[in-house]
Amino acid sequence: MTQQPVILAFCCHYCAYAAADMAGSMRLQYPSNVRVLRFPCTGKIEENHLLAAFEKGVDGVLVAGCLEGGCHFLEGNLRAKKRVQRVKQILGEIGIEPERLEMFNLSSAEGPRFAEIVKEMNARIAPLGVSPLRKSETHLENGIAEMALQAEKAIQGGNR
Amino acid sequence: MIVADRKKIPEIRDMVQGHNRILVVGCGTCVTVCLAGGERETGIIGSALRMSLKLAGRENVAVHECTIERQCEDAFIDVLGQRVGEYDAILSLGCGAGVQALAERFPKTAVYPGLNTQFMGILESQGVWAEKCAGCGNCRLGQYFGICPITRCSKRQLSGPCGSSRNGKCEVSEQTDCAWQLIYDRAKSLGKVAMLESVAVPQDWSTSNDGGARKVVREDQCIAGMGPKA
C-alpha cells in the first residue's frame, strides 16, 4: 500500500477542467497524486459528494470553480463556496482537519494557476499526512473511479 | 411547517455509543423542506457519523440510511417494519413527533434524535426560517390582523407594545421585529387601528400547557371500535 497522499480535484467543466487540460498541453509539471473529476459546474457538487470523498479515504479535496462573477451558470461557484464552508464545519466536528478541503477560483486560461493550486494543496496536505479514514489503496482507487463515473453522469444530465 | 436543524456530529456519536448497527431514518415531509432531515441530509449525517465512528475506533459499526415519506404517521412507518429488525438503534432525522412515533412503533429498538426541533414557522427567505406559531390551541390571529403576539412578541403582550419597542425592533435583538409594530402597521393599512383601542381579554391557556399532552379527536373520522387510545 502506498502512503502517498491522494488529492481529488472537483473541477468545473468550463474553467478548472480546461485549465487542467491547458496545464497538460503546456507540459507543466505538477504532482501526479491529483485525480480530476469533471462536473458541469461547481454548483452541481453536493455536500455529500465532498463527504463521500473523505469517507473513501481521499487525503485532500480541492473544488475548483470559475472566477467569482464568471460562472457559466451565474452563481454555481458561489453556492459551491458556501457548501465547501459547511463541509469544512462538518469535517471539524468529525475530527478531520478542515484544511484538507479548499475552494479555488480560476479561469479556463489559467493552466499555470491550476498547476500551482495542485502544488499548494500538496504542500498543505503533506504535514497532515495520509487520512486516518483510508482503508486501502484499492478501496480508495475504486471509490474515486465510482465518483468519476457519477460525475460524468452529471455532465450528461443523469443522476446526481 | 415544523422547522428543525441538525445536532452536532459528536453529540450524535456519543448518543449512539454502544450500538453496532444503526439505521439513520430521514423524513420526507417538513424536515425535508427545511433542509434538516430529508434524503440529502440523511446521506450527509450518515456519512459524517460513519467517519466519526471510525476515527473513534468503531469502524465495525454499520450505519445505513433510508428516508420515509412521513415519520409522524404509522402508515408510512410500515415500510421500515421488517428492516428495523436488522438494527439495534435508529437515528431519527424527523422532528420530535417523528422520533416519538418511531419509538412507539419499535419498542425493542433504541431511537435517538438527530435533529433539534425548533418551531412551527415559514421560509422567510432562502435558507432562513422564522417562527410563526406557538400552537396555543386558541388562535386569535383574526384579532391581531394576522400577526401573532403570542409567538412573535418576546413578552407575549396581548394589549399593545411594551416600552422597549424602538424603530420597529424588539429590545431583545435588533434582528427581531417588534410584533406590535407589525400589528399596528397592518391595522393601519387595513384602516382598523381603532380596533386596537380595546383591552384584550386574557388568553385562555387551558388549551395549551394545561393537562398534559393534547389530543384532537374527530369522532366522525374514528373507525368504529378503534377510537382514541385511552
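In what follows, chains are A, B, ... by sequence order, proteins preceding strands, each numbered from 1. These numbers come from a predicted model, not from an experiment.
- Around the CZ atom of A:R79, the shell of radius 6.0 Å holds no more than 12 heavy atoms that belong to other residues, nucleotides or ligands.
- A donor-acceptor pair is defined here as one N or O able to donate and one able to accept, closer than 3.5 Å; no such pair exists between the side chain of A:E93 and the backbone of B:K8.
- The shortest non-hydrogen separation linking B:M51 to A:L133 is SD-CD1, 3.4 Å.
- With contacts defined as side-chain heavy-atom distances shorter than 4.5 Å, the pair B:R50/A:L51 does not qualify.
- Near-neighbour residues of residues 11-27 of chain B relative to chain A, defined by a heavy atom under 4.5 Å from a heavy atom of that chain, are none.
- Applying a 4.5 Å heavy-atom cutoff, none of the residues of residues 118-133 of chain B approach chain A.
- Contacts with chain A were tallied for B:I45, B:I44, B:L49; B:I44 has the most, counting heavy-atom pairs under 4.5 Å.
- Proximity to chain B among residues 94-122 of chain A is limited to A:I94, A:G95, A:I96, judged by heavy-atom separations below 4.5 angstrom.
- Taking each heavy atom of B:S47 and A:A52 in turn, the nearest pair found is OG-N, 4.3 Å.
- Residues of residues 52-89 of chain B lying under 4.5 angstrom from chain A, judged on non-hydrogen atoms, are B:S52, B:K54, B:L55, B:E59 by number.
- Remark: A:K88 NZ is packed, more than 12 non-hydrogen atoms of other residues, nucleotides or ligands lying under 6.0 Å away.
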